Amino acid sequence: MKILKTQVGIIGAGPAGLTLALLLRRQGIEAIILENRSREYVQARVRAGLLEQNTVDIYKSLGVADRLLREGQEHRGVYLSFDGQRIRVPFGELTGGRNITIYGQQEVVKDLTDEWIAGGGQIYFETPASKIEDFETDSPKIHFEYEGEAGILNCDFVAACDGFHGIGRRTLPPDTYKEFTVTYPFSWLGILAHVAPSTDELIYAYHERGFALHSLRSDKISRLYIQVDNDDLIDNWSDERIWEELAIRLGTEGWSLKTGPIFEKSITPMRSFFTDNMQSGRLFLAGDAAHIVPPTGGKGLNLAVADVKHLADGLAEYYQKNSIKALDNYSTIALKRIWRAQDFSNFMTTLFHKQDEHGSFTYQLQKAKFDYIKVSEAYATTIAENYVGLPFEVFE
Ligand code: RFL
Ligand code: PHB
């Protein structure tokens, strides 16, 4: 039996777990990370790309933003398109200079893992945590399996940063929380392609054939998405059909879409999910373990980072001042931002996806919103400030 001991036992080496580990190290608090998958697998997982200002600021303060600042692209606005008419919402003027940065999640994960290991941090890959015990006492235990051997990680606190399918949420006593789930009647087909982006900033588009998003990764790689039915299959979508559909949905006068070889293709269902409590005793949930938002607002990774910022603050107060107050408040503080993000993600999703017949009542409401953004700085500001992410002080 392998026995380990640390102050904070972290389950999961996604953005939440890795960011938490580095925030704790800065406070002189020890942590060990257990990760189910291999290092190669975690670093190849293609997901998010949009980092809020808060997230970039945290990575700068942790000294892990060199590559992000070099290779990531700062965007000062976003294009919104409706029935072929495209407008731009500038962030600078509307948010007092806050921006977003486009940088792939797997690059973030690589940078964080390298930094954690370079500083002597312990991380066990291919080590699934199977059970969390005694979290209502001062000495919780995480059971795991490593190289075919059973093990126990003894710790003061457990941070379940183990994603939507992890064991953390299932371990919370059922009478301590309520779950909320909304399944949207559409999915996203996402691609990565070897082609220069056809835009300098993201384009979110409503079209009568469905939503489309043009995002990017670098000068040579584009990331694009289209709305498909929930029961659609990737095999129905040849590369040619995907490019044709994207060109139609994103199209606007005087603009054309560049195409190139597609090297990644996958379908993701859209859902909102969350729990109204993220802790019990010495067990804390963070990131996708506690909530999922549809990706239309670009909020998932950023919420994960915001959660662990609050968790790290609470743990620092415990170890430095022997006070449990901030930790007790963790869910309450984190949930304020999570509710805001749920609302904004739902707003962006329902504004840009085809939900009902083109020309229906729902469609007219969508169009009315789009037309209002064009004429009202107040409305555009609401979108801009949510999109770049509200500062931490707003929720504290
Ligand atoms: P993760 O990244 O899922 O990491 C959890 C880790 O826990 C491990 N694990 C376990 N380890 C040990 N023992 C167990 N029993 C374990 N069970 C699980 C897993 O292997 C994994 O490594 O969760 P985390 O850290 O909370 O991070 C959340 C983000 O990954 C997620 O919210 C975003 O990717 C969502 N998202 C986006 N977020 C943004 O902020 N901006 C975006 O532009 C954006 N676009 C997206 C997205 C998600 C997408 N998909 C595929 C769902 C676009 C897409 C298409
Ligand atoms: C991405 O670049 O993958 C991305 C960007 C913005 C979103 C969702 C995904 O809203």
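For reference, positions follow the sequence shown, starting with 1. Since the model is a prediction, treat every value here as computed from it, not as a measurement. Remember, it's 1-based here, ligands and their atoms both numbered in the order they're listed.
Distance check: Tyr79 OH to Arg88 CZ gives 5.5 Å after rounding to the nearest 0.5 Å. The distance from atom CD of Gln122 to atom OG1 of Thr6, rounded to the nearest 0.5 Å, is 7.0 Å. Distance check, rounded to the nearest 0.5 Å: OG1 of Thr113 to CZ of Arg39 gives 6.0 Å.
Those atoms of ligand 2 that come under 4.0 Å of a heavy atom in Arg47, given as number and element, are 3 (O). Close approach of ligand 2 to Pro295 is summarised as follows: ligand atoms under 4.0 Å from at least one heavy atom of the residue are 7 (C), 8 (C), 10 (O). Residue contact check: Gly287 has heavy atoms under 4.0 Å from atoms 26 (O) of ligand 1. Listed by number with element, the atoms of ligand 2 under 4.0 Å from a non-hydrogen atom of Leu202 are 5 (C), 6 (C). Taking every non-hydrogen atom of Gly298 and a distance limit under 4.0 Å, the qualifying atoms of ligand 2 come out as 10 (O). Heavy-atom proximity to Leu50, at under 4.0 Å, picks out these atoms of ligand 2: 6 (C). Listed by number with element, the atoms of ligand 2 under 4.0 Å from a non-hydrogen atom of Arg223 are 3 (O). Heavy-atom proximity to Leu213, at under 4.0 Å, picks out these atoms of ligand 2: 6 (C), 7 (C), 8 (C). Set against the non-hydrogen atoms of Arg217, the atoms of ligand 2 under 4.0 Å away are 1 (C), 2 (O), 3 (O).
Among all heavy-atom pairs drawn from Val42 and Ala13, the shortest one is CG1-O, 3.5 Å.
Looking at atom 2 (O) of ligand 2, its nearest protein heavy atom turns out to be Ser215 OG, 2.6 Å. With respect to atom 6 (C) of ligand 2, the closest heavy atom belonging to the protein is Tyr204 OH, 3.3 Å. In terms of protein heavy-atom proximity, atom 3 (O) of ligand 2 is closest to Tyr225 OH, 2.6 Å.
Linking Ile, Leu, Val, Met, Phe, Trp and Tyr residues whenever their side-chain heavy atoms come within less than 4.5 Å places Ile324 and Leu24 in a single cluster.
The aromatic ring centroids of Tyr363 and Tyr206 lie less than 6.0 Å from each other.
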